[in-house]
J.: 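The structure is given below, and queries will be raised subsequently.
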Amino acid sequence: MTDNDREVELLRSDPHALLLKYQETVRIIVKKYIEAGMFRAPDFDDIVQEINVSLLSKIPAMQRQYNGKSLFKTYFSVIVRNICLKAHHRGQKDIDFLQEDLSGYFVENTHEKRSVLDHEVRRFRTVVSLYDAQRPKLLLCLKLYFRIPMTPEDIRLWYPECSGEDQASLTRHFGLNYDQLSDIDIYTIVTPIMNRNEKRSNSVDAMRKWTDSKVREIIDLLNGRPKKTNHSVETLRILVDDFFSPFLLER
Amino acid sequence: MPRINNFFTDKAHLSDEAIALYVDALRFNKVYHLPSVILSHVADCRECKMEIVEIFSLLQGPEIDGTEPHPFLDEKTAEVEMEFSIAFRVAAVLVIGISIGLVSYYFRMLLEEHTVISGSIDTPEYVQRGKQNFVPSDSLAVSGQEFFAENFTVSPNLENLVNAHSRSLSVEVLSPLNGENFKERILFQWKADADDRLTLKILSNNEKTLQTISVRGSRYVFSQKIPPGLYYWKLEDNDELLHLGKFFVK
């Protein structure tokens, strides 16, 4: 019997004991949200107490809804986050929410700031991984958006059966510096190639809008809910550059 | 939070447990062990992406890290192996069945001195419905009765997304109505805000995409012959789900 099995059993037989066991997890989550500026540090004990009261009322729903497909620890963290979000919304008017401007972190090259950058790069990678089958196309479009040179590997990942002619065209236009090209120039070249390979008939403007909407979505996801950072197109550019850096071994 | 099965709420978003499962998959580096219906939903859903990223970030760090076997993701591997094994056995049974059919057909032809066999033929398309080519084969006369019921079994994952409208582009579907029965031609018709070319996908009840059609306008008549069964259909705009419905072919 694994730890998770024991916890599932405890949820059914003695949920109060399970809540006691998970007090440390509650406290860690609240600490993290205080660090993120979601709550005030002096309110720590009150928030933990509020979460526990709410958890007690949610026990029947948790017993009914949790089916043991995820780790209980993760499921429990989702429930605690939901409670924290509600508490945050209620107290939002009274709290001076920390609005960090991350662009400042990227200017100086100290160890601390590198660590913040690493954290954001990890978050960016997580975000990108959620696009599943759209991921290779998204990465290709991010390169185009930020005018980062395209490699044959990018093209192969996007569409393994891309014809030699299309590959040659893409690398000829976008393989080296192409800062001088406008969005219209870029999408006029790339859209017919993407349409041909994906058997679509998107317009140039539709392709541009698709990429723009994904960029906005990624920025929102990086900023989080509630908003914890002030990512913009410029800070996203730094993360994308870092992501595509040839010095990184793992992508 | 109300929900209609393990993975989705009645608002067509991932349930708390499914969010947790996705986060587990990221932490254990086993995203591709997740059901495809979860992967494709998240790829299209900003809300669920946000929840996953937030929980994943929350659980990062040594304090609440875990390395024990996963109740679903590790079991999934075993299930895949089991499914493969079952598929292999089913294939073997089919091959034997077809061989017996061919032999008996050969002897019948000898006895009846080339009498033409006519009438309806249950073809192996029941079995092979997951393939994209629907062209019926009349070269084999194999009973598909045992597979008939399976073709009408609902897909729990897709069923929960029926009538889901998950994207900003508003679509009002006029045909087919959910659960509508067809014999041959199937009319797909909708009203959309924009005039973009949309992608129509037809899926089997075991979630395999059978046809992908790029449609300009708001109407498409599907006239290929397809075997009886339950089918699902999706309307997508640039890989983003606009509508998911179902229909029956009798």
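In what follows, chains are A, B, ... by sequence order, proteins preceding strands, each numbered from 1.
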J.: What distance do R122(A) atom CZ and F56(B) atom CZ have between them, rounded to the nearest 0.5 Å?
T.: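 It is 8.5 Å, given to the nearest 0.5 Å.
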
J.: Might you point out which heavy atoms bring L58(B) and K32(A) nearest each other, and give the distance in Å?
T.: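 In this case the closest contact between L58(B) and K32(A) is O-NZ, 2.9 Å.
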
J.: Measuring heavy-atom distances to chain B, does F72(A) have an atom under 4.5 Å in its side chain, in its backbone, in both, or in neither?
T.: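 Neither part, no heavy atoms under 4.5 Å.
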
J.: To the nearest 0.5 Å, how far apart are CD in E198(A) and OG in S214(B)?
T.: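 If I round to the nearest 0.5 Å, the distance is 11.5 Å.
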
J.: Measure the CD-CZ distance between E54(B) and R123(A) for me, rounded to the nearest 0.5 Å.
T.: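 Rounded to the nearest 0.5 Å, the CD-CZ separation comes to 4.5 Å.
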
J.: Heavy-atom distances under 4.5 Å only: say whether L39(B) touches chain A with side chain, backbone, both or neither.
T.: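 Both parts, backbone and side chain.
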
J.: With side chains defined as the heavy atoms from C-beta onward, is the minimum distance between N82(A) and E51(B) less than 4.5 Å?
T.: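 Contact flag for N82(A)/E51(B) side chains = yes.
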
J.: Quick one: pull up CD in E17(B) and NZ in K69(A) and give me the separation to the nearest 0.5 Å.
T.: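 Here the interatomic distance stands at 6.5 Å.
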
J.: Do other residues, nucleotides or ligands put more than 12 heavy atoms under 6.0 Å from the CZ atom of R6(A)?
T.: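 Yes, the 6.0 Å shell around CZ holds more than 12 heavy atoms from other groups.
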
J.: When you check the gap from the basic side-chain N to the acidic O, do E236(B) and R200(A) get nearer than 4.0 Å?
T.: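 Salt bridge between E236(B) and R200(A), a charged N being under 4.0 Å from a carboxylate O: no.
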
J.: Under 4.5 Å, counting heavy-atom pairs only, tell me which of I79(A), L85(A), L130(A) racks up the most with chain B.
T.: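 So the answer, after comparing I79(A), L85(A), L130(A), is L130(A).
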
J.: Going through the checks in order, is the side chain to side chain contact (heavy atoms under 4.5 Å, CB included) test met by K199(A) and T212(B)?
T.: CA-CA 10 Å; K199(A) 296 181 176 52; T212(B) 302; over 6 Å; no

J.: Side chain, backbone, both or neither: which part of S40(B) has an atom under 4.5 Å from a heavy atom of chain A?
T.: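 Contact with chain A involves the backbone of S40(B) alone.
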
J.: Quick one: pull up CZ in R216(A) and CZ in R46(B) and give me the separation to the nearest 0.5 Å.
T.: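 The CZ atom of R46(B) is 7.5 Å from CZ of R216(A), to the nearest 0.5 Å.
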
J.: Check side chain to side chain contact (heavy atoms under 4.5 Å, CB included) between E9(A) and all other residues, then give those that pass, not counting sequence neighbours.
T.: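 Result, side chain to side chain contact (heavy atoms under 4.5 Å, CB included) vs E9(A): S13(A).
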
J.: With a 4.5 angstrom heavy-atom cut-off, is it the side chain or the backbone of V53(B) that approaches chain A, or both, or neither?
T.: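 The answer is both parts of V53(B).
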
J.: Out of L21(B), V42(B), D24(B), which one racks up the most heavy-atom pairs below 4.5 Å with chain A?
T.: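 Most heavy-atom pairs under 4.5 Å with chain A: D24(B).
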
J.: Using a 4.5 Å cut-off on heavy atoms from C-beta on, say whether the side chain of V31(B) contacts that of S129(A).
T.: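 No. Closest side-chain heavy atoms not under 4.5 Å.
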
J.: Write down the atom of A20(B), the atom of S70(A), and the distance for their closest heavy-atom approach.
T.: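 Residues A20(B) and S70(A), closest heavy atoms: CB-OG, 3.4 Å.
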
J.: Among D132(A), L222(A), V127(A), N202(A), single out the residue with the greatest number of heavy-atom pairs under 4.5 Å to chain B.
T.: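 Highest number of heavy-atom pairs under 4.5 Å: D132(A).
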
J.: Taking NZ in K86(A) as the centre, count heavy atoms belonging to other residues, nucleotides or ligands within less than 6.0 Å. Is the count above 12?
T.: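 No, the 6.0 Å shell around NZ holds no more than 12 heavy atoms from other groups.
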
J.: Heavy-atom pairs under 4.5 Å with chain B - which of V8(A), V80(A), T126(A) has more of them than the others?
T.: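 When all of V8(A), V80(A), T126(A) are compared, T126(A) has the most.
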
J.: Looking at OH of Y66(A) and CG of D16(B), how far apart are the two atoms once the value is rounded to the nearest 0.5 Å?
T.: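 Here the rounded value is 12.5 Å.
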
